[in-house]
Number of protein chains: 2
Amino acid sequence: MTIPGPVDPTSSAASALRPVSLSGVTFTTGFLGDWQRRNADRSLPYCVGQLETHGALVNLRRVTGEADGGFENMWFADSDVYKTLEAAAWQLGRTPDDAELRTFVDTTGALLAKAQNEDGYLNSYRLLVEPDQRWTKPHWSHELYCAGHLIQAAVAAVRAGVGAEVVTVARRFADLIVERFGGIDGVDGHPEIETALVELYRVTGHEPYLLQAKRFIDLRGRGLLDGDRFGPAYLQDHLPVREADEVTGHVVRQLYLLAGMVDVAVETHDDSLLAAARRLWDDAFGARTYLTGAQGSRHRDEAFGDPYELPPDRAYGETCAAIASFQWNWRMLLATGEPKFADEMERALYNVIAGSTALDGTHFFYANTLHLRTGHDGSHEDAPSDRLPWYSCACCPPNLARLLASLSGYAATTDHGGLQLHLYSAGSVTTAVDGAEVHAEVRTDYPWDGRVVVTVTTAAPITLSLRVPAWATEVSLDGSPAEVDGGYVRVRRDWSAGATVRLDLPMWPRIVRPHPRIDAVRGCVALARGPLVYALEQADLPAGVTLEDVRIDAGAPITPGRLPAVPVTLTTSGAVEQASSGELYPASVELTTRPLELVAIPYFLWGNRTPGPMRVWIPVTTG
Amino acid sequence: MTIPGPVDPTSSAASALRPVSLSGVTFTTGFLGDWQRRNADRSLPYCVGQLETHGALVNLRRVTGEADGGFENMWFADSDVYKTLEAAAWQLGRTPDDAELRTFVDTTGALLAKAQNEDGYLNSYRLLVEPDQRWTKPHWSHELYCAGHLIQAAVAAVRAGVGAEVVTVARRFADLIVERFGGIDGVDGHPEIETALVELYRVTGHEPYLLQAKRFIDLRGRGLLDGDRFGPAYLQDHLPVREADEVTGHVVRQLYLLAGMVDVAVETHDDSLLAAARRLWDDAFGARTYLTGAQGSRHRDEAFGDPYELPPDRAYGETCAAIASFQWNWRMLLATGEPKFADEMERALYNVIAGSTALDGTHFFYANTLHLRTGHDGSHEDAPSDRLPWYSCACCPPNLARLLASLSGYAATTDHGGLQLHLYSAGSVTTAVDGAEVHAEVRTDYPWDGRVVVTVTTAAPITLSLRVPAWATEVSLDGSPAEVDGGYVRVRRDWSAGATVRLDLPMWPRIVRPHPRIDAVRGCVALARGPLVYALEQADLPAGVTLEDVRIDAGAPITPGRLPAVPVTLTTSGAVEQASSGELYPASVELTTRPLELVAIPYFLWGNRTPGPMRVWIPVTTG
């Protein structure tokens with residue numbers, strides 16, 4: 001049985017690439033496979049448990065009369081249930097024998113069916129609190145947002161062949177939404193319904209879902225939302241989507257909207273919509289993205305900041321935003337075939353997304369800082385000093401669970417004549433190209449090592465395209481310098497007896513510099529190797545050295561090394577520079593300085609030893 | 001009639017200095033006098049008008065039955081009425097013939113008397129909304145905060161000899177508070193009542209007010225507040241005040257609490273309390289204050305950030321926080337006699353406070369940024385691109401009005417044997433030192449010019465102490481190098497026939513550098529002259545130059561000049577440096593560069609011409 005992954009364009013969609021299905025890609029041992037296993041073994045069961053502990057499921061039982069008391073939790077906590085359901089469905093698609101997970105899907109499906117109103121409506125907050133206010137507060141209520149996540153869970157369930165009741169519930173709700181919103185002008189303050197309805201159209205073929213998704217997108221920016229405390233730009237309701245030149249406001253809302261825009265664009269062949277998404281991509285990735293792939297410079301309104309406003313110590317970089325960015329880039333990649341979108345998937349995946357979860361799989365960052373300052377007050381969950389077991393707004397952990405459970409669905413694509421590999425991890429790919437079966441075995445220790453060995457077997461004369469990340473300036477194929485064609489090394493061989501190719505990506509440590517308009521990190525550099533951004537952590541500094549006094553010699557050699565639980569460290573030279581005076585604004589600064597050996601670890605691993613200060617951007621020695 | 005200004009320690013207080021009264025200091029023409037006049041002519045009447053337009057007074061009329069409808073506005077909007085009343089009282093103390101203002105005070109006093117409950121309680125939000133919830137939500141309700149501002153208005157009224165009804169209302173409420181909170185353990189989430197009760201004690205001699213103020217301070221940090229969404233440190237309830245080493249949380253709350261601590265400390269001779277305030281002063285001014293005197297690095301929770309977390313583009317720097325800092329420093333100055341506290345008053349006054357109001361006197365900043373970025377989205381009042389006529393939370397404009405109306409009360413002090421001048425502006429000081437009348441005439445064009453000429457007439461052998469700001473490294477008296485003794489030039493003369501001294505403070509333009517731990521402005525310098533911080537504004541750049549590309553040659557000469565409405569500009573050399581590539585994180589940065597003449601204006605004047613980008617910290621040329 002073929003199980004399509006997230007985003008499966010119809011055969012008539014204007015999509016340059018087609019995803020290899022979730023079931024067609026298997027990660028074995030290696031970075032991504034190990035991470036998926038940790039998700040399956042630890043994070044996902046933990047999320048399922050938290051739905052009980054934290055009360056999100058209890059709200060639904062209050063609707064059915066199975067539990068007492070009033071609504072608890074965030075008003076959109078149903079979405080935590082739905083995202084966990086989606087994760088469970090993808091996971092069951094890969095490990096169908098997980099009885100516990102199947103029970104969770106089935107009992108939750110039954111609960112949802114029981115909680116759903118006669119007419120298809122379902123929202124535990126609204127049903128328990130102000131039941132007569134249905135659809136009346138679209139800028140705030142998240143009713144369609146929650147419905148969207150329910151639909152996404154149902155789409156995963158359909159594809160994985162599980163959770164029939166969830167699918168029934170979601171379709172009934174979707175039909176109600178089409179009925180209700182087909183005739184009136186209305187949108188939701190928090191996008192999600194748009195992409196969900198397109199995906200539901202993809203699994204059902206029912207065109208009204210697609211048309212309603214398009215309608216929600218076309219109606220945006222026409223003043224239908226009655227504003228919010230941060231104004232219409234916060235809700236991306238300041239301009240019609242085709243007229244916007246800049247990403248604005250709440251990052252997750254903006255990115256989910258963009259995902260929906262691309263979905264509608266490819267299914268309706270709407271070039272102006274795809275062009276608008278491209279324009280906003282150029283803005284987001286040209287001036288409003290952190291080195292780790294994180295987005296959102298402001299805690300205040302969870303927003304993209306101004307252009308080049310990228311403070312490392314106050315990075316918001318919500319985990320959900322990085323996941324949303326990954327999902328949007330996947331859609332852009334499929335639509336256009338351009339590997340720069342996969343580069344951004346990779347940047348986010350290996351840095352901000354990987355870093356958001358502790359190695360134990362059960363502690364999470366909601367906001368992903370690039371600098372935990374010495375003396376940081378981490379007493380509040382808005383900017384804790386360490387990953388926390390849960391959050392009062394618990395959107396991120398279930399979002400991680402659904403991403404990781406479906407991660408193999410984001411690794412490879414096909415087009416007429418070829419197979420493209422975008423994410424490298426040991427495993428295999430089985431798919432069809434132009435009707436011919438193709439099997440590829442991938443051996444690699446990426447991202448720790450740059451060698452990717454692929455053995456392809458297929459009777460057809462296909463082109464194997466291996467993505468070359470933009471940071472890989474010298475690439476070799478089978479030991480010889482490789483030609484990079486539009487971001488790929490393309491190999492056309494006779495694969496009929498099985499043939500092996502060896503891609504070598506350069507893994508030498510790199511210094512990365514900020515664009516000079518990024519004021520917040522002027523005079524700093526960062527260290528990177530392959531797709532991994534590195535960071536300095538207090539745990540690796542000698543006693544008595546304060547991280548804020550550490551400087552790097554940007555011209556010194558950088559050598560790889562190891563530490564326990566850190567496969568590749570980077571060591572280089574620097575200094576401790578301290579101001580002789582404590583004066584905050586002196587006429588001149590005198591420094592005492594002494595040399596220091598710096599050891600950097602991959603950013604995503606920070607905070608897994610003794611908690612303490614960390615920084616990605618390192619000031620350069622002034623001496 | 002002598003009208004004491006804000007903060008008037010009793011004769012038994014442990015106060016190193018005694019304030020010269022409000023009525024004892026007159027600013028004539030000159031910076032402060034002109035500003036006071038603008039406040040009297042424009043800002044204060046405007047605030048009075050806004051109380052009607054914006055509805056704060058209507059809420060009180062709803063309580064009395066004179067108006068219909070439910071409560072509107074922020075739940076603590078009564079405090080806007082009280083702060084405006086306080087401003088009006090101080091202003092009437094200086095210009096008693098202002099009939100309109102007197103009518104405002106009298107009619108508002110009558111309204112308050114009518115709105116007040118039998119038992120003395122008064123809070124329009126609470127009386128109109130949830131009247132049975134009195135005192136039940138202390139972390140949030142601002143009931144004692146509003147009461148504190150009512151009391152402050154009454155204290156001003158008593159001192160100015162106006163508004164008898166306001167005084168009666170405030171005392172009745174204060175008596176209720178003492179009765180209610182004397183017997184139980186309770187504090188308010190937003191300090192203000194503490195300093196207000198001490199001041200009420202000062203005008204009434206009624207000791208229970210002082211004891212209750214001390215009680216509120218002693219009870220802080222004992223878990224009496226049931227928390228807030230940002231945790232106990234946000235409310236300064238994480239530690240007893242004597243145990244705290246760091247300023248934390250909401251800046252205005254922290255600073256109002258500190259003002260109350262000093263008031264209680266001097267009246268009760270509590271050295272441990274003053275020592276605690278000193279410790280927090282060292283922390284606040286050693287690591288958490290902007291160059292402009294602004295405080296509060298975070299919009300999210302209006303909070304002091306971590307040490308050295310001072311992003312110029314995301315400075316919150318609430319106007320009320322700067323006023324609170326000014327008021328706290330005044331108390332520290334009186335308690336200790338140390339002029340460093342007056343230096344911080346001056347820094348805040350001439351930069352952040354002066355900059356918060358437009359030259360028209362009727363547009364205001366709530367948050368006071370040090371960098372308005374090119375491309376800034378100023379569509380929301382949280383960080384507008386220009387001063388706004390009013391705010392949904394309107395705490396700042398009335399706070400400015402009361403500060404300016406009472407500003408002459410913060411200029412000079414006496415001690416046994418002497419007169420100290422702290423704020424320089426043309427005008428006169430009339431007071432008594434050791435019982436002998438002293439009159440001083442001040443001629444100066446400070447802060448535009450560094451010459452301060454003081455003519456003193458008194459029969460007694462007093463010491464005239466002239467504060468020397470820390471930035472003034474070479475000072476002359478009557479044309480000869482002056483000895484600076486503990487931050488003052490001290491002059492002891494025979495003043496009996498009137499004698500004139502001439503202080504010259506060095507007004508050469510200065511380069512200011514940031515402490516190297518302030519990451520956000522690494523590689524930048526600022527320009528200053530006298531107490532004024534300077535800024536670059538887009539309006540002074542050639543067409544086509546983006547402010548973010550402007551660099552300064554930190555070694556070039558800086559020359560003063562003039563522009564229309566800018567008495568002293570600073571001109572120096574710099575460059576336009578542009579990255580050749582738009583890449584956000586390149587391996588290396590190539591720059592094109594061309595020379596540019598820079599013209600800087602005083603920070604406080606920014607945004608009074610064509611609105612546009614502005615920056616205080618200027619990156620240094622890399623060439």
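Quick caveat: nothing in here was measured; it's all calculated off a predicted structure.
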Item to check | Option among B/H299, B/R300, B/R314 that satisfies the side chain to side chain contact (heavy atoms under 4.5 Å, CB included) test with A/R314 | outcome: B/R300
What part of [X] gets within 4.5 angstrom of chain B, counting heavy atoms only: side chain, backbone, both, or neither?
{"X": "A/H371", "result": "side chain"}
{"X": "A/D519", "result": "both"}
{"X": "A/E583", "result": "backbone"}
{"X": "A/P307", "result": "both"}
{"X": "A/T473", "result": "neither"}
{"X": "A/A233", "result": "side chain"}
{"X": "A/Y308", "result": "both"}

Interface residue of largest heavy-atom contact number with chain B, from [options], under 4.5 Å:
{"options": "A/A579, A/P232, A/A528", "value": "A/A579"}
{"options": "A/L591, A/V589, A/D301", "value": "A/V589"}
{"options": "A/P311, A/S581, A/A587, A/G231", "value": "A/A587"}
{"options": "A/Q578, A/R298, A/R510, A/E381", "value": "A/R298"}
{"options": "A/D377, A/L291, A/D313", "value": "A/L291"}
{"options": "A/G375, A/S588, A/A554", "value": "A/G375"}

Next on the checklist: Centre-to-centre under 6.0 Å for A/Y585 and B/W471, is that the case here?
Outcome noted: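 No, they do not, as the ring centres are separated by 6.0 Å or more.
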Item to check | Most chain A-contacting option - heavy-atom pairs closer than 4.5 Å, from B/L310, B/T289, B/V525 | outcome: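 Result: the option with the highest number of such pairs is B/T289.
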Item to check | Heavy-atom side-chain proximity of B/P619 to A/R522 below 4.5 angstrom | outcome: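 Yes, close enough: below the 4.5 Å cut-off.
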Item to check | Within-4.5 Å side-chain heavy-atom neighbours: A/D549 and B/R517 | outcome: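 Yes. Closest side-chain heavy atoms under 4.5 Å.
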Item to check | Considering all heavy atoms, the nearest A/R288-B/L584 contact | outcome: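 Closest approach of A/R288 to B/L584, heavy atoms only: N-CD2, 4.3 Å.
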Checklist outcome for this item: So, the part of B/T374 with a heavy atom under 4.5 Å from chain A: the answer is backbone
